[in-house]
Amino acid sequence: MKFLREKGIAIIACADTKLIRRSGRTAMSLAGEVLTQVLDRAGFGKQDIDGLAMSVALSEAGNPFWTNLVAETLGLSLSWTQVTDLGGASSIGNIARAAAAINAGLCETVVCLAADAVSTQDISLQTGYRPEFADPFGYSGPPVVFGLLSSAYAHKYGQPDKALAKLAVVQRQGALANPNACDALKTPLTEADYLKSRMIADPIRLLDCVMRCDGANAVIVTTTERAKKMGVKRMAHPIAYREITNFDPRQEIDDITISGFTVTGPMALNDAGMRPSDVDLFQPYDDFLIAILLQLEHIGFAAPGGGSDFILSHDIGFRGDFPINTGGGQISAGQPGLAGGGVNLIEGVTQLLGAANERQVKRARNAVVTGIGSMQYARNWGTSAVLVLEAA
Amino acid sequence: MMAGRAHAKPSDVTVEFWAAADRGVLLLQNDARTGRCQFFPRPVNLFGETKSQWKAASGLGTLIAVTTVRVPAPGFEAPYLVGLIKLAEGPRVFARLLNAGPHVALGQKVRLAWEPGGEGPRLYAFEPA
């Protein structure tokens, strides 16, 4: 996407709600709160928005008219809408879709909004192979996929307990400095706490997994030209984006730990004209800690099998030399259902806008944000998406 | 089989598959041109644009991933083992691993086994060969 590389698109504001376990609220209520907040930060009114890109919400999954309902309820009149079903990759996927729609002239200013009250209500329904070839065989959720993946990784390279424990502890420190992190997770954590946490699907422990909560997040995407006309001083340009859904469709790769990030990671960095060592901030999608380690290897920060050494040899906190998921990630801030990808995105944008307060990273010129979407049969995950942001 | 478990509901694509399972046969979909097989059953052939043919699996394979499930699916009693099996014919299968302990090693040769009968079609599983 050449127009991204040329910095023609800008993210001018972002917002997120506090993450709450079983809030008793609806995705619509959370969406209204975050829309008000993001418009306020941009200095926009509802009439300034002509595009809306949303993620599917598990708490609203039965509703086939989601963007229409949101537009009507929240008072937006739109020339372009989009609902994206890439699971945790939806939030960064929507940045690219919004940018493409703006570039095509369908709209000028888009709110990319994700809201889900999944810990209050989950009315999603899995169809296809899941109820027929997974559930009857004892599939009890994503920890099973990640337990299987982790067993294959450990067989090849050894179980990376030390690196995972460090990730757990450091991300928790980020969450403690993030006022919007879920209160249920805001207790300090030690490596011993991680190692002692109970097994869910060996070697996946409880503290390897995200906790579901309710929440919403939003960004405003427009042309750099309009942002400048409005006098916006700090913005984040999406300069590269790559996405792959259904990597290796014919199982040509025997190693089930190899994901689509081996394609999209190097391509996105190449599009951005960057090497891995040029990256200031890494905000990887983290439904499970092992996913961070795999992404470090697949995108090219570390060699295959070298993710563990990479984590152990860098200071990965918000004051460190290679900050990872500085707001706690989803693992320690909470996963607001399918709005979860927005947790990593909002943290990346917040850092580039210089608005991260006590957890502000000093050198935040660029950020790599990723998204993972959906679990696959006898493999890893369905979508591997990479977004590169640059501060301006 | 314990009550409350999800059971497979055959679709038009899988009705033959489940009928064969009830006879103790695990069917794969085979592409005649390349000789490659796919699993789970699909309405299309992954290896070409001609229709795939059903082919009985040998039932032999290798364990390539395993986990002890401690938070069970409905109707299951934890802990239990599930694994990914790479079949001799090529494709991977997600199934329960029976008659094995939690320290079963990856690379273990396994063979087709069957769950005790219950509600719904008979379910395949694997055990150490």
Side-chain angles (χ1 to χ4, degrees), chain A residues 125-159 197-206 208-209 211-212 246-258 288 290 375-380, chain B residues 1 5-11 13-14 17-18 31 34 36-42 46-47 62-86 90-97 102-107 115 118-121 123-125:
Chain A
L125 177 67
Q126 300 284 335
T127 58
Y129 73 76
R130 253 287 294 278
E132 196 171 1
F133 292 97
D135 297 344
F137 298 88
Y139 177 80
S140 61
V144 172
V145 172
F146 277 88
L148 292 168
L149 264 182
S150 297
S151 80
Y153 185 89
H155 184 65
K156 205 166 174 185
Y157 300 116
Q159 172 61 22
S197 71
R198 69 189 166 92
M199 287 288 179
I200 303 294
D202 306 37
I204 295 293
R205 299 174 165 92
L206 181 68
D208 282 301
C209 311
M211 186 191 78
R212 281 179 161 187
N246 198 25
F247 169 73
D248 190 29
R250 285 170 289 279
Q251 297 187 358
E252 261 122 2
I253 299 169
D254 268 340
D255 184 346
I256 59 161
T257 70
I258 300 299
F288 292 85
I290 187 77
M375 298 296 108
Q376 288 195 302
Y377 183 83
R379 286 192 274 169
N380 45 71
Chain B
M1 191 176 287
R5 287 190 186 182
H7 56 88
K9 293 182 190 70
S11 71
V13 173
T14 60
F17 174 89
W18 291 114
D31 173 49
T34 61
R36 295 183 67 183
C37 293
Q38 65 192 35
F39 191 84
F40 53 91
R42 291 166 162 92
L46 295 182
F47 303 104
T62 306
L63 186 68
I64 62 160
V66 68
T67 186
T68 303
V69 181
R70 297 178 191 274
V71 177
F76 284 78
E77 196 174 321
Y80 57 92
L81 293 177
V82 295
L84 298 183
I85 292 91
K86 184 174 169 62
R92 294 192 285 262
V93 176
F94 169 79
R96 286 232 288 164
L97 188 63
H103 299 294
V104 62
L106 299 191
E115 297 271 7
E119 207 184 336
L123 300 178
Y124 49 86

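Note that the coordinates shown come from a computational prediction; the quantities given were computed from them, not determined experimentally. Sequence lines set the chain letters: A, B, ... in the order given, protein chains first and strands last, and positions in each chain run from 1.
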To the closest 0.5 Å, what do you measure between [atom1] ([X]) and [atom2] ([Y])?
X	Y	atom1	atom2	result
B/Glu115	A/Phe137	CD	CZ	8.0 Å
A/Tyr377	B/Phe94	OH	CZ	7.5 Å
B/Arg36	A/Glu252	CZ	CD	4.5 Å
B/Arg70	A/Arg198	CZ	CZ	10.5 Å
A/Glu132	B/Thr14	CD	OG1	3.5 Å

request  = Decide side chain to side chain contact (heavy atoms under 4.5 Å, CB included) for B/Thr67 and A/Ile204; before the verdict, give the C-alpha distance in whole Å, the side-chain angles of both, and the deciding distance to 0.1 Å.
outcome  = CA-CA 9 Å; B/Thr67 186; A/Ile204 295 293; over 6 Å; no

inquiry  = Assess the residue pair A/Asp254 and B/Ile64 against the criterion (side chain to side chain contact (heavy atoms under 4.5 Å, CB included)); give the C-alpha distance rounded to whole Å, side-chain angles, the decisive distance to 0.1 Å, and a yes or no.
reply    = CA-CA 9 Å; A/Asp254 268 340; B/Ile64 62 160; over 6 Å; no

Region of [X] in contact with chain A, defined by heavy-atom distances below 4.5 Å:
X	value
B/Val13	neither
B/Lys86	side chain
B/Tyr80	side chain

ask   = Going through the distances and angles, do B/Val66 and A/His155 end up as a side chain to side chain contact (heavy atoms under 4.5 Å, CB included)?
value = CA-CA 10 Å; B/Val66 68; A/His155 184 65; over 6 Å; no

Out of [options], return the one with the most heavy atom pairs under 4.5 angstrom to chain B.
options	value
A/Gly147, A/Gly141, A/Pro131, A/Gly128	A/Gly147
A/Leu149, A/Asp135, A/Ile200	A/Ile200
A/Pro249, A/Ser140, A/Pro143	A/Ser140
A/Ala134, A/Pro203, A/Gly138	A/Gly138

Name the member of [options] that forms the most heavy-atom pairs with chain A at distances under 4.5 Å.
options	result
B/Val82, B/Thr68, B/Leu84	B/Thr68
B/Leu106, B/Leu46, B/Val71, B/Val69	B/Leu106
B/Tyr124, B/Phe47, B/Phe39	B/Tyr124

key: Pair B/Phe17 + A/Phe133: ring centers closer than 6.0 Å   = yes

query = At their closest point, which heavy atom of B/Ala8 faces which heavy atom of A/Pro136, and how far apart are they?
reply = N-CG, 3.8 Å

